[in-house]
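What you see is a predicted model, and the numbers here were worked out from it, not measured in a lab. Any value given below was found using the heavy atoms of this structure, including those in side chains, with hydrogens, waters and symmetry copies removed.
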Amino acid sequence: MEIGGGSVTRVADVLKKIAVGSKKALLVTDPFMVKSGLIDRVIEPLEKAGFKKGENYDIFKDTIPDPTIEVVSEGASVFTKGKFDSMIAFGGGSPIDTAKAIGILAHNGGEMRQYKFPNVIPRPGPPLIAVPTTAGTGSEVTKFTIITDTKTDEKMLISGPDIVASAAIVDYELTMGCPYRLTADTGIDSLTHAIEAYVSKKRNPFADNMALSAMSRIFPWIRTACAEPTNHEARENMMLGATLAGMAFSNSSVALVHGMSRPIGAFFHVPHGLSNAMLLPYITRFSLPSCPDRYAECARAMGLATSHDNDEVACSRLVDALDNLNRDLKVPTPAEYGIKKERWDEVVQVMAEQAIASGSVGNNPLVANASEIVNLYEEVWWAGREPIPVGTVKAAEAKKMAL
């Protein structure tokens, strides 16, 4: 790992270390990075080190938000036909996830569906450098990639140690141009990673320390990062927090928020961080009774309570703070986002089934069954009205109370 402002200038040195003898690297990114010129932050140090486009590197710029099996297949074909032997992923979580998946197909063949969790990936992909430009997904350090199956509208979880990038360049200066909405959504995404890693049933002391450290960086600085996009201290804390949270959940897994979030993204094309934000206060309130001591420690790490406050007080402050954070950062409800209630009701049962199938639901400290997940989806729909006791009311009662 190369960490710190300006560390992207060392990309050529990192490539030479992790891909000894590499003759041609594929730079995986998206159209915005190319059109905006941000891709030059990687290209310039490469060319300064003697790399030539078409000879030592080339660009695959067709990644999209919520990468699909079709885009991954296209990228793998480009990689194989172009005789590339290493990759550099530059951008948000989508280009990094796409590059991971391209590597799986390039070295194993077949289709992405056959590598869906819990299926095993036989061979590791080629050497990969992950260079994030958002402080959110933590994909640069995780053993996961999420790819959408367009035939089933399912966000497939693909997992395994061989997915982890060979190197990560964590340069907070690359996030300085991120707009308000992207900063807010990716920031809440990384906060969710940290909280879920800490309360997950797969939690462990190694991941705990990183999760708490991530929370202590993200929560105090997220509002500043949104309001003051060129604030170096805020951007650095958000970027380090996102990477720490990524390492935490890669070693302890995410839980119910992520399990329920992925189907919302797949069916309604809600950005991943935003769908997490819609769910986080409600799922936290639902899960609190199962491990109040853990959630209380989250509140203390975020600066919402001290060691002198009992767990009940700390937990109450935590859920209030998550509600207030969504309000302050203008997180829309599903309705405000433009999702039609009729369509939401039509697919809610399938969303619940997909959430359970992801495996993340089983990591939650309080494991929800399908009917409870449907009820939670219903309550999230009515978010923004009078507070509804999450997990304790039926959908019809929730609707009646909201009206």
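A salt bridge between Asp185 and Arg181 is present, with a side-chain N of the basic residue lying under 4.0 Å from a carboxylate O of the acidic one. Salt-bridge check for Asp66 with Lys155: passed, with a basic side-chain N closer than 4.0 Å to an acidic carboxylate O. With respect to Lys24 and Asp85, no salt bridge is recorded, no charged nitrogen being found less than 4.0 Å from a carboxylate O. Salt-bridge formation is not detected for the pair Glu346/Lys341: no Lys NZ or Arg NE/NH1/NH2 atom is positioned less than 4.0 Å from an Asp or Glu carboxylate oxygen. The existence of a salt bridge linking Lys143 and Asp162 is excluded, since no basic side-chain nitrogen approaches an acidic carboxylate oxygen closer than 4.0 Å.
Judged purely by atom type and a 3.5 angstrom limit, Glu2 has no side-chain atom pairing as donor or acceptor with the backbone of Arg10. Of the possible polar contacts, one joining the Asp30 side chain to the Met33 backbone as a donor-acceptor pair under 3.5 Å is found. In this structure a side-chain-to-backbone donor-acceptor pair under 3.5 Å is present from Lys100 to Phe144. A donor-acceptor distance shorter than 3.5 angstrom exists from the side chain of Asn204 to the backbone of Ala207, with no hydrogens or angles considered. Here the side chain of Glu336 pairs a donor or acceptor atom with the backbone of Thr333 at under 3.5 angstrom. The backbone N or O of Glu233 lies less than 3.5 Å from a partner atom in the side chain of Asn237, making a donor-acceptor pair. Using a distance-only test at 3.5 Å, with no hydrogens or angles considered, a donor-acceptor pair links the side chain of Ser36 to the main chain of Phe32.
At least one side-chain heavy atom of Leu325 sits less than 4.5 Å from a side-chain heavy atom of Leu191. Looking at Pro334 and Met278, their side chains come closer than 4.5 Å, going by heavy atoms from C-beta outward. Under the 4.5 Å side-chain criterion, counting only non-hydrogen atoms from C-beta, Glu140 is not in contact with Val131. The shortest side-chain heavy-atom distance between His258 and Ile146 does not fall under the 4.5 Å cut-off. Using a 4.5 Å heavy-atom cutoff, the side chains of Asp189 and Thr137 are in contact. Side-chain contact between Ile147 and Thr68 is absent, with no heavy-atom pair separated by less than 4.5 Å.
Residue pairs satisfying the salt bridge (Lys or Arg N to Asp or Glu O under 4.0 Å) criterion with at least one member in residues 288-312, sequence neighbours excluded, are listed as follows: Asp208-Arg294, Glu297-Arg300, Arg300-Asp311, Asp309-Arg317. For residues 87-121, there are no ring-ring contact (aromatic ring centres under 6.0 Å, His included) pairs, not counting sequence neighbours. Applying the side-chain hydrogen bond (donor to acceptor under 3.5 Å, both in side chains) definition to pairs two or more places apart or across chains, those involving residues 165-177 are Tyr172-His232. Residue pairs meeting the side-chain hydrogen bond (donor to acceptor under 3.5 Å, both in side chains) criterion with at least one partner in residues 87-98, sequence neighbours excluded, are Asp97-Ser139.
Checked by atom type, the side-chain pair Ser360/Arg262 shows a donor-acceptor distance below 3.5 Å. Remark: the Thr183 side chain and the Arg235 side chain contain an N/O donor-acceptor pair separated by less than 3.5 Å.
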Name each donor-acceptor pair under 3.5 Å that joins a side chain in residues 45-58 to protein atoms two or more places apart or in another chain, with its distance.
unit_1: Glu47; atom_1: OE2; unit_2: Tyr57; atom_2: OH; d: 2.6
unit_1: Asn56; atom_1: OD1; unit_2: Lys52; atom_2: N; d: 2.9

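In this view, Glu111 and Arg113 satisfy the salt bridge (Lys or Arg N to Asp or Glu O under 4.0 Å) rule, not counting sequence neighbours.
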Discussion item. The test is ring pair (Phe, Tyr, Trp, His ring centres under 6.0 Å); show your working for Phe79 and Phe60 and say whether it passes.
Written reply: CA-CA 9 Å; Phe79 185 92; Phe60 177 74; over 10 Å; no
Worksheet entry | Candidate pair Cys298 and Met215, rule side chain to side chain contact (heavy atoms under 4.5 Å, CB included), full reasoning | CA-CA 7 Å; Cys298 292; Met215 285 181 253; 3.7 Å; yes
Worksheet item: side chain to side chain contact (heavy atoms under 4.5 Å, CB included) between Ile373 and Met351: does it pass, once the steps are laid out?
Response: CA-CA 9 Å; Ile373 292 173; Met351 290 200 298; over 6 Å; no
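Geometrically, Arg203 does not engage Phe206 in a cation-pi contact, judged by NZ or CZ lying under 6.0 Å from the ring centre and within 45° of the ring axis.
Nearest heavy-atom pair across Ala299 and Ala314 is CB-O, 3.3 Å.
Under the 6.0 Å cut-off for aromatic ring centres, Trp344 and Phe268 qualify, their centroids lying closer than that.
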